2 protein chains.
Amino acid sequence: EEVKVKAITHSKDVVKVVLLGVPNQPGVAALIFKVLAEFSIFIDMIIQSEGRETEKDVAFVITKEDEGKAQKAINCLKECLSFREAKFDDSKGKVSIVGAGIASNPRIAYRMFDGLARLGVNIDMISTSNLRISCLIPRDRVEDSVQILHKEFLEEGEVVLRENS
Amino acid sequence: EEVKVKAITHSKDVVKVVLLGVPNQPGVAALIFKVLAEFSIFIDMIIQSEGRETEKDVAFVITKEDEGKAQKAINCLKECLSFREAKFDDSKGKVSIVGAGIASNPRIAYRMFDGLARLGVNIDMISTSNLRISCLIPRDRVEDSVQILHKEFLEEGEVVLRENS
Ligand SMILES: C[C@@H](O)[C@H](N)C(=O)O
Ligand SMILES: C[C@@H](O)[C@H](N)C(=O)O
């Protein structure tokens with residue numbers, strides 16, 4: 001099955017925000033994104049994983065430009081939602097591989113993760129859809145990660161999309 | 001900005017697998033997906049979130065058909081990777097909304113999450129890409145969730161894609 005990676009994209013304009021320990025009950029995610037919408041914050045990558053039985057961590061990525069607004073939004077959220085801590089982390093960047101059906105093939109995921117591993121890059125977060133696998137990694141490793149992924153998947157000389165595409 | 005949801009998709013053929021407490025160091029994700037690739041397991045939604053300082057939880061979704069193979073793959077992984085626990089959960093289903101640029105607009109995310117909240121549906125996992133927002137929810141709530149999302153986003157009578165699209 002000829003599943004092909006068509007492009008490698010990256011972004012350094014990334015601030016990871018994590019709300020740690022929100023209650024795991026209906027309506028909580030809606031409340032968080034209602035407040036973010038009221039502050040018109042541009043959102044990239046929403047990730048909620050296993051968490052714990054009664055609590056979850058809700059993570060999302062914003063741009064540096066929106067960091068101030070997001071701090072205000074989180075302060076506003078504190079009034080109506082209990083959570084343990086809100087972490088802002090601007091030490092990360094994002095690299096993605098893009099192509100139809102790539103996320104369903106574990107061999108493609110393995111090749112991406114192995115490329116990063118060979119560079120000693122630690123993967124902080126992973127999120128996929130049927131067209132894309134995205135990883136948050138240390139920002140200062142984005143350039144060499146794009147290069148190794150380019151070698152691994154696009155050596156035939158296909159397209160590398162610029163930042164933020 | 002006219003960001004439009006074009007379709008609602010869903011799938012009930014979902015088994016969530018979570019490797020809890022894997023070491024947070026380079027090469028671990030590569031090892032996991034190398035083993036999954038060796039057993040030719042079809043993968044949907046890979047999610048790794050904040051986790052803890054030295055440990056992460058790596059979650060992925062497989063089909064029911066591959067559950068036996070995945071159990072064997074995890075047993076094989078135990079030989080070479082330390083983790084606290086491997087959870088298999090086949091009580092979940094997936095609903096997604098699809099449309100260009102929808103994940104970056106917090107208002108769209110809010111409307112999806114609020115639709116599920118109004119039904120009292122608890123969101124177990126969330127994953128997004130620029131084209132899609134996907135939620136894992138209790139499988140027995142998939143039908144009524146698709147209906148409410150259809151009402152919320154597609155009432156103008158646009159496309160609802162069938163299962164597994
Ligand atoms: C947990 C796993 O993702 C690890 N951080 C890695 O880079 O492989
Ligand atoms: C944590 C949050 O996602 C919650 N489970 C909800 O449904 O809103």
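Worth saying up front: this structure is predicted, and the values here are computed from it rather than measured. Chain letters run A, B, ... following the sequence lines, proteins first, then strands; residues in each count from 1.
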Open item on the list: Check for me, please, whether A:I126 and B:L31 land in the same ILVMFWY cluster - side-chain distances under 4.5 Å, paths through other members count.
Closed with: yes
Task: Test item: A:M112 and A:F153 side chains (from C-beta on) under 4.5 Å apart, heavy atoms - done: yes
Open item on the list: Less than 4.5 Å to any heavy atom of chain B: does that hold for the side chain of A:S127, its backbone, both, or neither?
Closed with: both
- [ ] For residues A:K64 and A:K12, determine if any side-chain heavy atom of one lies less than 4.5 Å from a side-chain heavy atom of the other.
- [x] no
TODO: Under 4.5 Å, counting heavy-atom pairs only, tell me which of B:C135, B:A37, B:S129 racks up the most with chain A.
DONE: B:A37
Open item on the list: If you count heavy-atom pairs within less than 4.5 Å of chain B, which of A:D57, A:I62, A:I46, A:I133 leads?
Closed with: A:I46
Open item on the list: Any salt bridge linking A:D114 with A:R111? Criterion: basic side-chain nitrogen under 4.0 Å from a carboxylate oxygen.
Closed with: no
- [ ] Pick one of side chain, backbone, both or neither for A:A29, based on which atoms fall under 4.5 Å of a heavy atom in chain B.
- [x] both
Open item on the list: Test question: given the 4.5 Å side-chain rule for I, L, V, M, F, W and Y, name all other residues clustered with A:V18, or answer none.
Closed with: A:V14, A:L20, A:M45, A:I47, A:V61, A:M125, A:L136, B:V14, B:V18, B:L20, B:M45, B:I47, B:V61, B:M125, B:L136
- [ ] List the atom of A:V58, the atom of A:F33, and the distance in Å for their closest heavy-atom pair.
- [x] CG1-CE1, 4.2 Å
Task: Residue part contacting chain A, namely of B:K56, when any heavy atom lies under 4.5 Å - done: side chain
Task: With A:K94, the side chain to side chain donor-acceptor pair (under 3.5 Å) member among A:T9, A:D44, A:D13, A:D124 - done: A:D44
Task: Joint cluster assignment, B:F39 & B:V15, ILVMFWY side-chain distance < 4.5 Å - done: yes
Open item on the list: Is A:I41 close to chain B through its backbone or its side chain, or both, or neither, when contacts mean heavy atoms under 4.5 Å?
Closed with: backbone
Task: For chain B, the option from A:K34, A:R107, A:K16 that forms the most heavy-atom pairs under 4.5 Å - done: A:K34
Task: Residues of residues 65-93 of chain B near chain A, each having a heavy atom less than 4.5 Å away - done: B:K87
- [ ] Just give me the residue among B:A30, B:A59, B:S40, B:A117 that pairs up with chain A most often, heavy atom to heavy atom, under 4.5 Å.
- [x] B:A30
TODO: Drop me the distance from B:L131's CG to B:I97's CD1, to the nearest 0.5 angstrom.
DONE: 11.5 Å
Task: Contact check, side chains of B:E53 and B:N24, non-hydrogen atoms, under 4.5 Å - done: no
